[in-house]
Student: 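I am attaching a structure below and will ask some questions about it afterwards.
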Amino acid sequence: MTSIAIVGAGPQLGLAIARTFGSHGFDVALISRDRDKLDTLAAQLSEDGITAAAFPADVLDRESLTRALDDAAAHFGGIDVLEYSPVGTLGSTTLTTPADSEPAHIQHEIEFQLYGAVTATRAVLPAMRQAGTGTLLYTTGAGSVAPVPQVANVNAAAAALRNWVVNLHKELDGTGVQAAHVGIDVSIGTSVIPDFPTAQPEEISPVYWDLHSTRRDQAELVFSR
């Protein structure tokens, strides 16, 4: 049985990705901080006939994240796909413009986006390389490609993650392991910004399946309206 680990699993995009891969026979490892919320997602997936299990971890706690992925691999017999898409909470994320950004504003986002992704990758990539197959998918907002001043610190970290992923894709060429970046240029569900385009999670999640199954030579895909 194949499995996907979703780091940052939540009730919108994470759940939609879980359902997309689950509909293709994948087991699902759900990873985020809140055990109760993860158990709720696992129960929803179970109602859809998808096997899922919760592995609580904080992406800012590297030992915790590595342990969760190790536990998921042991539980499911390996991790075939990693999807990394944690979202910060309003209480933990300070948004700054370029001129107002202090190093600490950017450092927090680097820890959250880039270093968390590197940690997760190091937990699963050795087994994928040994097997000669696997998929690594990383999600950011489209500000990683086309930044906007109001969220400069978040964009800077997202751009760093994007750069690292595209480089990882190049390094893994010919190994059987795919690495790709997904940029989301819409608000998911509803928009808090007037006239900004929106999309439902179920419209976005097939992109991840495509990058895993039929677009394995592609390092990046930006979802937009």
Side-chain angles (χ1 to χ4, degrees), residues 1-10 12-31 45 50 52 59 69 72-73 76 78-87 113-114 116-129 131-146 157-188 197 199-225:
M1 183 64 72
T2 48
S3 64
I4 179 172
I6 300 174
V7 179
Q12 294 206 73
L13 185 58
L15 181 59
I17 293 170
R19 283 177 167 147
T20 294
F21 278 79
S23 70
H24 290 277
F26 275 66
D27 293 334
V28 181
L30 301 164
I31 300 173
L45 291 168
I50 299 169
V59 299
L69 286 161
F76 288 121
I79 299 297
D80 301 279
V81 178
L82 169 72
E83 193 279 318
Y84 186 86
S85 56
V87 177
Q113 297 194 58
L114 178 61
V118 171
T119 299
T121 302
R122 290 178 60 83
V124 301
L125 180 55
M128 291 182 178
R129 277 187 139 161
T133 185
T135 301
L136 306 162
L137 302 172
Y138 308 84
T139 305
T140 72
S144 61
V145 181
L161 174 56
R162 172 184 179 248
N163 179 285
W164 181 81
V165 173
V166 172
N167 221 5
L168 180 62
H169 176 90
K170 294 177 181 179
E171 180 187 3
L172 294 175
D173 183 39
T175 67
V177 181
Q178 153 74 324
H181 167 251
V182 179
I184 307 295
D185 194 18
V186 295
S187 288
I188 301 174
Q200 296 306 306
E202 296 78 14
E203 297 177 273
I204 304 170
S205 59
V207 163
Y208 294 82
W209 179 255
D210 290 346
L211 286 168
H212 165 68
S213 60
T214 62
R215 298 188 178 186
R216 296 186 65 80
D217 61 341
Q218 193 163 338
E220 179 174 62
L221 195 153
V222 177
F223 184 95
S224 63
R225 289 297 197 192

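Predicted, not measured: the structure shown is a model, and the values here were computed from it.
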Student: To the nearest 0.5 angstrom, please state how far the CE atom of Met128 sits from the OG1 atom of Thr135.
Tutor: 6.5 Å
Student: Could you walk me through whether Phe223 and Asp185 pass the side chain to side chain contact (heavy atoms under 4.5 Å, CB included) test, one step at a time?
Tutor: CA-CA 6 Å; Phe223 184 95; Asp185 194 18; over 6 Å; no
Student: Quick check: closest heavy atoms across Ala180 and Gln178, and the distance to 0.1 Å?
Tutor: CB-NE2, 3.7 Å
Student: For the residue pair Val177 and Leu125, what are the closest heavy atoms and their distance?
Tutor: CG1-CD1, 4.0 Å
Student: Is the closest side-chain heavy-atom distance between Leu161 and His181 below 4.5 Å?
Tutor: no
Student: Please step through side chain to side chain contact (heavy atoms under 4.5 Å, CB included) for the pair Leu114 and Trp164, ending with a clear verdict.
Tutor: CA-CA 8 Å; Leu114 178 61; Trp164 181 81; 3.9 Å; yes
Student: Check whether any side-chain heavy atom of Leu82 lies under 4.5 Å from a side-chain heavy atom of Ile4, and answer yes or no.
Tutor: no
Student: Taking the side chain as every heavy atom from C-beta outward, state whether Leu15 and Ile17 have any atom pair closer than 4.5 Å.
Tutor: no
Student: Yes or no on side chain to side chain contact (heavy atoms under 4.5 Å, CB included) for Asn167 and Val165, after CA distance, side-chain angles and deciding distance?
Tutor: CA-CA 5 Å; Asn167 221 5; Val165 173; over 6 Å; no
Student: Just verifying a value: how many Å separate Ser205 OG and Gln12 CD, rounded to the nearest 0.5 Å?
Tutor: 12.0 Å
Student: Find out whether Phe21 and Val28 are in side-chain contact, i.e. whether some heavy atom of one side chain is under 4.5 Å from a heavy atom of the other.
Tutor: no
Student: Which pair of heavy atoms, one from Thr2 and one from Asp80, lies closest together, and at what distance?
Tutor: CA-OD2, 3.1 Å
Student: Rounded to the nearest 0.5 Å, what separation is found between the CG atom of Leu45 and the OG atom of Ser23?
Tutor: 11.0 Å
Student: Treating Arg162 as the side-chain partner and Gly143 as the backbone partner, does any N or O pair qualify as donor plus acceptor under 3.5 Å?
Tutor: no
Student: Is it the case that Tyr138 and Thr121 place a side-chain donor and acceptor less than 3.5 Å from each other?
Tutor: yes
Student: Using side-chain contact (heavy atoms from CB on, under 4.5 Å) as the criterion, point out the one residue from Val59, Ile31, Leu136 that pairs with Tyr84.
Tutor: Val59
Student: Applying side chain to side chain contact (heavy atoms under 4.5 Å, CB included) to Tyr208 and Leu13, what does each step give before you reach the verdict?
Tutor: CA-CA 11 Å; Tyr208 294 82; Leu13 185 58; 3.5 Å; yes
Student: Quick test of your reading of the model: are Arg129 and Glu171 salt-bridged, counting only N-O distances below 4.0 Å?
Tutor: yes
Student: How far does CG of Leu221 sit from CG of Asp210, to the nearest 0.5 angstrom?
Tutor: 8.0 Å
Student: Looking at CG of Leu69 and CZ of Arg122, how far apart are the two atoms once the value is rounded to the nearest 0.5 Å?
Tutor: 13.0 Å
Student: Run the ring pair (Phe, Tyr, Trp, His ring centres under 6.0 Å) test on Phe26 and His212 for me, step by step, so that the C-alpha distance in whole Å, both residues' side-chain angles and the decisive distance to 0.1 Å come before the verdict.
Tutor: CA-CA 12 Å; Phe26 275 66; His212 165 68; 5.6 Å; yes
Student: So, do Glu220 and Val145 sit near enough that their side-chain heavy atoms are less than 4.5 Å apart?
Tutor: yes
Student: Indicate whether any N or O donor in one side chain lies under 3.5 Å from an N or O acceptor in the other, for Ser85 and Thr139.
Tutor: no
Student: Considering all heavy atoms of both residues, which atom of Ala157 and which atom of Gln113 are nearest to each other, and what is their separation?
Tutor: CB-NE2, 3.8 Å
Student: Give the minimum heavy-atom separation between Gly78 and Ser3, together with the two atoms involved.
Tutor: O-OG, 2.5 Å
Student: Rounded to the nearest 0.5 Å, what's the gap from CG on Asn163 to CG on Leu168? Could you check?
Tutor: 11.0 Å
Student: Under 4.0 Å between a Lys/Arg side-chain N and an Asp/Glu carboxylate O for Arg225 and Glu203?
Tutor: yes
Student: Give the minimum heavy-atom separation between Thr140 and Ala158, together with the two atoms involved.
Tutor: CB-CB, 3.9 Å
